[in-house]
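These notes concern the structure reproduced below.
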Amino acid sequence: MAMKQVANSAIKAIANSGSSSLLTRQLHASPGSKKIVGVFYKANEYFTKNPNFVGCVEGALGLRQWLESQGHQYIVTDDKEGPDCELEKHIPDLHVLISTPFHPAYVTAERIKKAKNLQLLLTAGIGSDHVDLKAAAEAGLTVAEVTGSNVVSVAEDELMRILILVRNFVPGYHQVITGDWNVAGIAYRAYDLEGKTVGTIGAGRIGKLLLQRLKPFNCNLLYHDRVKIDPELEKQTGAKFEEDLDAMLPKCDIIVINMPLTEKTRGMFDKDRIAKMKKGVLIVNNARGAIMDTQAVADACSSGHIAGYSGDVWYPQPAPKDHPWRYMPNQAMTPHISGTTIDAQLRYAAGVKDMLDRYFKGEDFPEQNYIVKAGELAPQYR
């Protein structure tokens, strides 16, 4: 049973640390009504335009009637920052916190310490780096996400961004809306994707899908990861494994970031590593903004070393109005949207409901959904 496993995890942690706080924290949780808080972005007037728009405050993942009919309290808000925000008011007595990568509730060690009743942190989507995972593990919390829920959405978006950069689409669009017409101003740096070398840094679920979708474009495909992909997929896509990341970088015309944000990858692409890339490289990053050194990217775009940068991830999120990526040249940035298509929303809403149902019944989640379980982090976050 899930609750029994949590208690066992707490006991194990106490044995290792000599502290009794974890056991007290876990065994005070009651089996009855739970307080669940969801943090999502607001849809405002757009909510009524699509009945399947569930990933927002107003849609509340479609869970309200189901949860309240079982006697649970369900609070939903978009107000997540600062000591007086709505989320902060509920931290001391909530049992479950649901958030999304698109409007993340940053769960710091300080918030975890205040959340005396907290047992479960759920990510509606993929990527739980908004949680201090080490603090969550030490506190005996369970952290889980809806693995696979939006991998197709993100891979498709990456392919779109590659084409937008290669074909120099954004300046052409700006010409149309400003009443201009200057073919030369677009064509001088527009290319075909065919024959270009594309490297994905990370070949997990999204990276593999991207390699498959790039195959028909007749690119030279490279990938770097901790482990090699299945030989059959390598053969199918023609992708070649590059063990040495720094050796792969200068080979690539286009680089796609597909790795999770961890302590090892935070700020991984700084000034020195960017300098190892081919001059005129194009970069797509739908992974996490903090993997990149913000100012180093802006400077490289200004100098032309990076000829184009596109992605939907920033740090922090929402991005402040003075974030340098808003104003750097040769960018095709958007808010964090790639994994929150309507199709993806329906998938991760269903996944969250399934895990809540299992949580109420004391059942385990699908193993691939766990990010922190019994005090242990998932391999990709270690």
Side-chain angles (χ1 to χ4, degrees), residues 151-176 181-225 228-259 269 273-274 276-287 292 297 300-301 304-312 329-334 337-338 341:
V151 293
V152 168
S153 313
V154 176
E156 287 183 357
D157 189 271
E158 288 177 343
L159 179 57
M160 175 190 73
R161 290 175 191 275
I162 290 170
L163 290 167
I164 283 172
L165 292 178
V166 169
R167 301 309 292 264
N168 204 23
F169 174 84
V170 172
Y173 172 73
H174 284 159
Q175 283 189 23
V176 170
W181 189 279
N182 181 359
V183 174
I186 306 161
Y188 83 101
R189 51 180 295 172
Y191 297 89
D192 296 338
L193 180 53
E194 184 175 50
K196 303 300 183 291
T197 298
V198 184
T200 176
I201 304 173
R205 291 178 176 86
I206 296 170
K208 291 186 182 81
L209 288 174
L210 178 64
L211 291 172
Q212 290 174 318
R213 282 154 177 74
L214 284 169
K215 171 64 175 175
F217 287 88
N218 297 320
C219 304
N220 303 311
L221 300 178
L222 306 177
Y223 74 95
H224 170 80
D225 206 329
K228 297 184 71 173
I229 63 177
D230 182 75
E232 185 58 35
L233 184 58
E234 266 194 354
K235 182 179 178 181
Q236 175 195 341
T237 60
K240 296 179 181 178
F241 176 65
E242 294 278 341
E243 186 174 3
D244 186 335
L245 172 60
D246 289 335
M248 183 183 90
L249 294 178
K251 299 176 184 178
C252 297
D253 302 300
I254 302 154
I255 292 170
V256 186
I257 310 297
N258 272 315
M259 62 176 68
F269 287 88
R273 183 156 267 134
I274 290 171
K276 295 176 182 178
M277 299 177 186
K278 182 183 295 187
K279 181 173 174 57
V281 68
L282 304 175
I283 300 176
V284 171
N285 179 15
N286 280 0
M292 316 300 289
V297 169
C301 282
H305 191 83
I306 296 176
Y309 185 92
S310 184
D312 68 337
N330 306 321
Q331 57 91 355
M333 296 295 295
T334 67
I337 56 168
S338 64
T341 63

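Treat the numbers as computed from the prediction; the structure is a model and nothing was measured. The residues of the chain are indexed from 1 along the displayed sequence. Below, each value reflects all heavy atoms present in this structure, side chains not excepted, and no hydrogens, waters or symmetry copies.
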Rounded at 0.5 Å granularity, tell me how far [atom1] in [X] sits from [atom2] in [Y].
{"X": "Asp157", "Y": "Asp312", "atom1": "CG", "atom2": "CG", "value": "5.5 Å"}
{"X": "Met160", "Y": "Arg213", "atom1": "CE", "atom2": "CZ", "value": "14.0 Å"}
{"X": "His224", "Y": "Met259", "atom1": "NE2", "atom2": "CE", "value": "6.0 Å"}
{"X": "Phe269", "Y": "Asn285", "atom1": "CZ", "atom2": "CG", "value": "8.5 Å"}
{"X": "Cys252", "Y": "Asn220", "atom1": "SG", "atom2": "CG", "value": "10.0 Å"}
{"X": "Tyr309", "Y": "Arg161", "atom1": "OH", "atom2": "CZ", "value": "10.0 Å"}

- Query: Who are the salt bridge (Lys or Arg N to Asp or Glu O under 4.0 Å) partners of Lys276, not counting sequence neighbours?
  - Reply: Asp246
- Partner residues of Lys278 under the salt bridge (Lys or Arg N to Asp or Glu O under 4.0 Å) criterion, sequence neighbours left out: Asp253
Side-chain donor/acceptor pairs under 3.5 Å, residues 199-209, sequence neighbours excluded:
| residue | atom | partner | partner atom | Å |
| --- | --- | --- | --- | --- |
| Thr200 | OG1 | Gly202 | O | 2.7 |
| Thr200 | OG1 | Asn258 | ND2 | 3.0 |
| Lys208 | NZ | Ala203 | O | 3.1 |

- Just wondering, do Leu245 and Arg273 contact through their side chains at under 4.5 Å, heavy atoms? yes
- Task: Measure the shortest side-chain to side-chain distance between Leu159 and Phe217 over non-hydrogen atoms and say whether it is less than 4.5 angstrom.
- Result: yes
- Note on the structure: Applying ring pair (Phe, Tyr, Trp, His ring centres under 6.0 Å) to Tyr173 and not counting sequence neighbours gives none
- Task: Check Thr341 against Ser153 and note the closest heavy-atom contact, atom names and distance.
- Result: OG1-OG, 3.3 Å
- Which heavy-atom pair separates Gly311 from Asn286 by the least distance, and what is that distance? CA-OD1, 3.4 Å
- Criterion side-chain contact (heavy atoms from CB on, under 4.5 Å) on Ile254 and Val166, from CA distance to verdict: CA-CA 9 Å; Ile254 302 154; Val166 169; 3.7 Å; yes
- Item | Set of residues satisfying side chain to side chain contact (heavy atoms under 4.5 Å, CB included) with respect to Glu242, sequence neighbours excluded | Leu222, Met248, Lys251
- Query: Does the pair Ile274 and Ile283 meet the rule for a side-chain contact (heavy atoms from CB on, under 4.5 Å), with working shown?
  - Reply: CA-CA 10 Å; Ile274 290 171; Ile283 300 176; 5.5 Å; no
- Message: Let's go through Glu234 and Tyr223 carefully: what are the C-alpha distance in whole Å and the side-chain angles of both, what is the deciding distance for side-chain contact (heavy atoms from CB on, under 4.5 Å) to 0.1 Å, and is it a yes or a no?
- Response: CA-CA 10 Å; Glu234 266 194 354; Tyr223 74 95; 2.4 Å; yes
- Could you check Gln236 against Lys215 for side-chain contact (heavy atoms from CB on, under 4.5 Å), going step by step and ending with a plain yes or no? CA-CA 8 Å; Gln236 175 195 341; Lys215 171 64 175 175; over 6 Å; no
Validation: residues 182-193 side-chain donor-acceptor distances under 3.5 Å, sequence neighbours left out:
| residue | atom | partner | partner atom | Å |
| --- | --- | --- | --- | --- |
| Asn182 | OD1 | Ala184 | N | 3.4 |
| Asn182 | OD1 | Gly185 | N | 3.2 |
| Arg189 | NH1 | Asn330 | OD1 | 3.2 |
| Arg189 | NH2 | Ala307 | O | 2.3 |

